[in-house]
Amino acid sequence: MGSIATYVGIVHNGKIELSTPVNLPEGSEVYLVAPEVVTEGMARRKANGWLIGYVGNMLMADHGMLAQVGQDWVWRFQVFITSLAHEPWGPIGYVEIDATKCVVINDLYTKKTLMDNGRNFKRPV
């Protein structure tokens, strides 16, 4: 067996586009590994659970966007201040969920930033 090389790419319009062009010898054997991506709904529930448990119970994650960060894919959600008395205010920041492992990838700085931004948010008039 020859050497094994790993190439990273994405599927665009049904075709695999590698991050860097590669010329493979004719007849090369190729294996495709496609990680199962976490759905937006699953990621939003994880983000909301983290917000309630670690930042504040009057916050919600919304407007999810799948984004590539380096070699990884994340669901990035805007964070809003909520209440029964008004529409959501914000956004006051972001929370990110790993799109293959469904884990929150934010750190203490993110938590502090969200708390500070929420405390200092000027409500709309």
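For reference, positions follow the sequence shown, starting with 1.
Aromatic ring pairs are classed by plane angle as parallel below 30°, tilted from 30° to 60° and perpendicular above 60°; the pair Trp89 and Phe121 is parallel.
To the nearest 0.5 Å, atoms CD1 (Ile92) and CG (Asp116) are separated by 10.0 Å. The OG1 atom of Thr110 sits 12.5 Å away from the OH atom of Tyr94 when rounded to the nearest 0.5 Å. Considering SG of Cys102 and CH2 of Trp75, their distance stands at 11.0 Å, rounded to 0.5 Å. Between Leu66 atom CG and Glu40 atom CD the span is 9.0 Å, to the nearest 0.5 Å. Once rounded to the nearest 0.5 Å, the distance linking CH2 of Trp50 with CG of Leu114 reads 5.5 Å. Interatomic distance, CG of Asn57 versus CG of Asn48, reported as 12.0 Å (0.5 Å rounding).
The backbone N or O of Met58 sits less than 3.5 Å from a side-chain atom of Thr82, completing a donor-acceptor pair. Here the side chain of Gln68 pairs a donor or acceptor atom with the backbone of Gly70 at under 3.5 angstrom. At distances below 3.5 Å, not a single donor-acceptor pair connects side-chain atoms of Trp73 with backbone N or O atoms of Asp98.
Taking the side chain as every heavy atom from C-beta outward, Val104 and Lys46 approach each other to under 4.5 Å. Leu24 is listed as a side-chain neighbour of Val30, based on a closest heavy-atom distance under 4.5 Å. The shortest side-chain heavy-atom distance between Lys101 and Val38 does not fall under the 4.5 Å cut-off. The shortest side-chain heavy-atom distance between Val74 and Ile97 does not fall under the 4.5 Å cut-off.
In terms of hydrophobic clustering, with Ile, Leu, Val, Met, Phe, Trp and Tyr side chains grouped at heavy-atom distances under 4.5 Å, Met115 and Leu59 are assigned to a common cluster. In terms of hydrophobic clustering, with Ile, Leu, Val, Met, Phe, Trp and Tyr side chains grouped at heavy-atom distances under 4.5 Å, Phe80 and Val55 are assigned to different clusters.
Residues Phe77 and Ala61 come closest through the heavy atom pair CB-CB, 3.7 Å.
Atom CD of Glu87 has 12 or fewer heavy atoms from other residues, nucleotides or ligands within 6.0 Å. Other residues, nucleotides and ligands contribute only 12 or fewer heavy atoms inside 6.0 Å of the CG atom of Leu108.
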Step-by-step side chain to side chain contact (heavy atoms under 4.5 Å, CB included) determination, Leu51 to Val79: CA-CA 9 Å; Leu51 288 169; Val79 177; 4.0 Å; yes
